[in-house]
Amino acid sequence: MAKEITDRAENYSQWYLDIVKKAGLAENSAVRGCMVIKPTGFAIWEMMKDQLDQMFKDTGHVNAYFPLFIPKSFLSKEAEHVEGFAKECAVVTHHRLMNNPDGPGVVVDPDAKLEEELVVRPTSETIIWNTYKDWIKSYRDLPLLINQWANVVRWEIRTRPFLRTAEFLWQEGHTAHALKVEAVEEAKMIHEVYARFAEDYMAMPVIKGAKSANERFAGALETYTIEALMQDGKALQAGTSHFLGQNFAKAFDVKYLDNNNKEQYVWATSWGVSTRLIGALIMTHSDDDGLVIPPRLAPLQVVIIPIPKPNEMIMAEAEKIVTLLKAKGISVKIDKDKKKRPGFKFAEYEMKGVPIRIGIGKRDLEKGELEIARRDTKEKMNVPIEGIEDYIANLLEEIQANLLARAKAHRAEYTTEASTYEEFKDAIANKGGFVLAHWDGTTETELKIKEETTATLRCIPDDSPIEEGVCIYSGKPSKQKVIFAKAY
RNA sequence: AGGGGUGUAGCGCAGCCCGGUUAGCGCACUUGGUUUGGGACCAAGGGGUCGUAGGUUCGAAUCCUAUCACCCCUACCA
């Protein structure tokens, strides 16, 4: 038997890369730092996208599309924003190639230099707010609730499939509001949507909270984040929602007339999740046998394997089951390959993370049963064919719930409360996971802790109780515990 | 950015030190047969500008020079 995936215990990074590759999710491309998302991986993204898109629409948002290119001057209109992204921008300088006069191939035509260079968007606040300037004149134009599904480019030095790539797919919401309170509410509401999506669909528990000033989005007054804990004890920022104040309205001069005929600057939010969520999904649920996908995001929920291979009697029964399951809205296919042996197929679908496998053979049909195998626990059960559609529907829900429960238990196990700096250092260095500790609220302390332990302040949790305490590092007063961890 | 390493079939590698038949092995692929309830076996096939460019030589995957790409460690970034 070919063992194709590195064990997690042996080398977690290699395990992750093996899963991405062997499950057919993505592969490296000819372009450094950019991956090809293969059909299997893209199908998961489509499941995520469809669900999120529905959630955005249910909360009043509409989709639009803005240009890939941003004039260089736009980016520098908001000082903090450009500071945050300048070091990782791809820049377009010319618009034409020509035959190489000195040899084979083509070269950039020096006569085709652009008047103003264009930046490939690392995020779209600037081009969008430049557009909003023309769209917003009156309080009646507000709120403006727009989302865009797009690709962005951030020229990262070190890349990893899905987790950090030079180009990635995401959605970015950009909303404009008349009142500050409305914008803050919007940012918080989306924060809730992200958390709900993570838990209900990805079966991935997250901590909701606010970023410290140091970790905030470039140009934001407040960044709300959902933080997830991966199997190896490292944190992953899974989605952020920003209250941008009036920074972009002022930078792009976006004003509206209120109902007293007075000019006011607009209040803004932006928020996004990316294909990084696929990385999060992998590192939350998958195991040494391959990918594990929660049923609600699985492009294929059930696979039927004729044993030992398709024949007339088995296929007739399999087709009946397909019809029953499809009527329940369950996605299902029959593996009709006659060459591969059952054992090979079992391993193959486990690698790809299909939540439920149904085996049908002569032995089963004689007993009026089917062999049902669930991916999450790898249990196998013999179940009567009668009523199989309800059994499968329930089992999918049970798997979904089990994955969430399992991830929650893991997070609980890897969450430590530290009351001294010694305990803190010990937990970060030897145990990993989230470490709750009092913090004096200063960037100085945060940076010292990062320098000494490599742990970063993940968030100031929404539900952390207000209590009197002292900072584990400085001994200064603190009102609540915050979460530190080593992060991706 | 500094140090180290690797480029040979889709993937993983041997061959290089010490130049010399037609560049080889495993997996994968194609065809046929036997198999088939946890990653089958046998047989026959297909697939290579040996990263690229120059040089040395009668002759270069092998030696020399340059160059490009990738990986690891340290640093940086998140």
Side-chain angles (χ1 to χ4, degrees), chain A residues 1-6 11 13-14 17-18 20-22 24 27-36 38 83-89 102-105 122-123 154-160 162-166 168 211-212 214-218 223 225 227 230 234-238 240 274 276 279 288-290 303-311 314 335-352 357-367 369-373 375 378-382 446-447 450-451 454-459 484-488:
Chain A
M1 184 185 110
K3 180 69 183 171
E4 303 191 28
I5 299 175
T6 305
N11 183 341
S13 295
Q14 191 57 50
L17 293 172
D18 287 349
V20 169
K21 192 171 170 182
K22 303 290 181 185
E27 62 188 30
N28 285 325
S29 71
V31 184
R32 186 191 139 75
C34 297
M35 62 179 170
V36 173
K38 299 174 78 173
E83 170 76 19
F85 289 104
K87 280 187 271 182
E88 48 189 33
C89 284
D102 303 322
T123 177
R154 296 180 187 176
W155 212 265
E156 304 284 357
I157 297 172
R158 188 121 178 82
T159 60
R160 300 184 71 192
F162 295 113
L163 295 176
R164 174 171 281 124
T165 47
F168 56 93
K211 284 290 187 188
S212 65
N214 178 53
E215 295 274 341
R216 219 172 264 157
F217 176 75
T223 289
T225 180
E227 295 286 325
M230 303 295 100
K234 285 168 88 172
L236 185 74
Q237 177 179 303
T240 47
S274 72
R276 177 180 248 204
D288 290 345
D289 295 314
V303 63
I304 299 176
I305 299 183
I307 295 170
K309 66 176 180 182
N311 66 34
I314 291 173
D335 187 324
K336 294 175 182 169
D337 191 316
K338 291 182 178 174
K339 278 279 189 194
K340 302 267 193 291
R341 293 155 49 112
F344 182 89
K345 292 179 181 178
F346 295 167
E348 195 69 11
Y349 289 105
E350 280 162 10
M351 183 102 79
K352 294 195 165 160
R357 182 182 77 232
I358 300 178
I360 311 181
K362 188 159 163 258
R363 202 168 79 190
D364 306 296
L365 291 183
E366 281 166 359
K367 288 187 282 184
E369 288 181 343
L370 298 169
E371 184 182 82
I372 308 292
R375 178 64 184 86
K378 300 202 73 186
E379 284 172 287
K380 286 198 277 197
M381 290 86 50
N382 292 310
E446 183 185 345
L447 292 177
K450 181 180 174 184
E451 190 185 318
T454 74
T456 51
L457 207 173
R458 302 317 304 158
C459 72
F484 287 88
K486 288 190 186 175
Y488 273 98

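Just so we're on the same page: letters track the sequence lines, and every chain starts at 1. What you are looking at is a predicted structure, and each value in this text was computed from that prediction instead of being measured.
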Interatomic distance at P, B:G15 relative to B:A78, whole Å: 43 Å
When the distance from NZ of A:Lys22 to P of B:A28 is rounded to whole Å, what number comes out? 11 Å
Separation of B:G12 atom C1' from A:Leu17 atom CG, nearest Å, is 16 Å
Assess whether atom NZ of A:Lys211 is packed by more than 12 heavy atoms of other residues, nucleotides or ligands within 6.0 Å. yes
Pick the C1' atom in B:G45 and in B:U49, then give their distance to the nearest Å. 23 Å
Verify, without hydrogens or angle tests, whether A:Arg375 (side chain) and A:Glu350 (backbone) share a donor-acceptor contact under 3.5 angstrom. yes
Can you find a donor-acceptor N/O pair under 3.5 angstrom joining the side chain of A:Lys309 to the base of B:G37? no
Under-4.0 Å salt bridge between A:Asp289 and A:Lys378: yes
Rounded to whole angstrom, note down the P distance from B:G55 over to B:A69. 23 Å
Taking the C1' atom of each, how far is B:G33 from B:G10, in whole Å? 27 Å
On RNA chain B, nearest-nucleotide positions of A:Lys21 versus A:Gly359: which is more 5'? A:Lys21
Mark up nucleotides 73-78 of chain B, 5' to 3', with B wherever a protein heavy atom is under 4.0 angstrom from a base atom, S wherever such an atom reaches only the sugar-phosphate, and - elsewhere. ---B-B
What dot-bracket string describes RNA chain B from 5' to 3', counting Watson-Crick and G-U wobble pairs whose defining distances are under 3.5 Å, with [ ] for crossing pairs and | for pairs to another strand? ((((((((.[[[[.)....(...]]]].((((((.....)))))).....[[[[[..)....]]]]])))))))....
Answer whether the closest heavy-atom distance between the side chains of A:Asp288 and A:Ile5 falls below 4.5 Å. no
Of all the nucleotides listed (B:C11, B:G39, B:G37), which has the minimum atom distance to the side chain of A:Asp364? B:G37
Identify the heavy atoms of A:Pro306 and A:Ile304 that sit nearest to each other, and give their distance. CD-O, 3.6 Å
Rounding to an integer number of Å, can you tell me how far A:Glu348 CD sits from B:C27 P? 17 Å
Closest listed nucleotide, where the reference is the side chain of A:Arg363 and the choices are B:G37, B:G39, B:C11: B:G37
Check the distance between B:C72's P and A:Gln14's CD and give it to me in whole angstrom. 9 Å
Taking only the side-chain heavy atoms of A:Phe346 (C-beta and beyond), determine which of B:G39, B:U36, B:G38 contains the nearest atom. B:G38
Shortest side-chain distance from A:Lys340, nucleotide among B:G39, B:U36, B:C29: B:C29
Note: for A:Thr159 and A:Gly361 on RNA chain B, the residue whose nearest nucleotide lies more 5' is A:Gly361
Can you check the distance between B:G20 and B:U57, where both ends of the measurement are the C1' atom (answer in whole Å)? 12 Å
Testing B:G38, B:G37, B:U36 for proximity to the side chain of A:Glu350, the answer is B:G38
Return the value, rounded to whole Å, for the distance between atom CG of A:Asp289 and atom C1' of B:G39. 11 Å
For the residue pair A:Lys38 and A:Gly24, what are the closest heavy atoms and their distance? CB-O, 3.3 Å
Which value, in whole Å, describes the distance between the P atoms of nucleotides B:U21 and B:G59? 15 Å
A:Asp288 has an atom CG; how far is it from atom P of B:G39, in whole Å? 19 Å
Quick check: does any side chain N or O of A:Arg276 sit under 3.5 Å from a backbone N or O of A:Leu236, one acting as donor and the other as acceptor? no
Remember a base hit wins even if backbone is also touched, and classify A:Lys362 as base, sugar-phosphate or nothing at under 4.0 Å, heavy atoms. base
For A:Arg160, which contact category applies under a 4.0 Å heavy-atom criterion: base, sugar-phosphate, or nothing? nothing
Pairwise C1' distance, B:U22 and B:C64 [rounded to whole Å]: 28 Å
Take the protein atom CD of A:Glu27 and the nucleotide atom P of B:C11, then report the distance between them rounded to whole Å. 10 Å
In whole angstroms, how far is the P atom of B:U36 from the CD1 atom of A:Ile314? 14 Å
Can you check whether A:Arg341 has a side-chain N or O nearer than 4.0 Å to OP1 or OP2 of B:G37? yes
Closest approach of A:Ala487 and A:Lys234, non-hydrogen atoms and distance? O-CE, 3.9 Å
Can you tell me how far the CE atom of A:Met381 sits from the CD atom of A:Glu369, to the nearest 0.5 Å? 12.0 Å
Considering non-hydrogen atoms only, spot the tightest contact between A:Asp337 and A:Lys340 and give its length. OD1-N, 3.1 Å
For B:C16 versus B:U62, give the span between their C1' atoms, rounded off to a whole number of Å. 4 Å
For A:Glu88, look at atom CD and say whether over 12 heavy atoms of other residues, nucleotides or ligands are found less than 6.0 Å away. yes
cation_pi(A:Arg164, A:Tyr488) dist<6.0 Å, angle<=45: no
Classify A:Lys380 by what it touches in the nucleic acid, base, sugar-phosphate, or nothing, heavy-atom distance under 4.0 Å. base
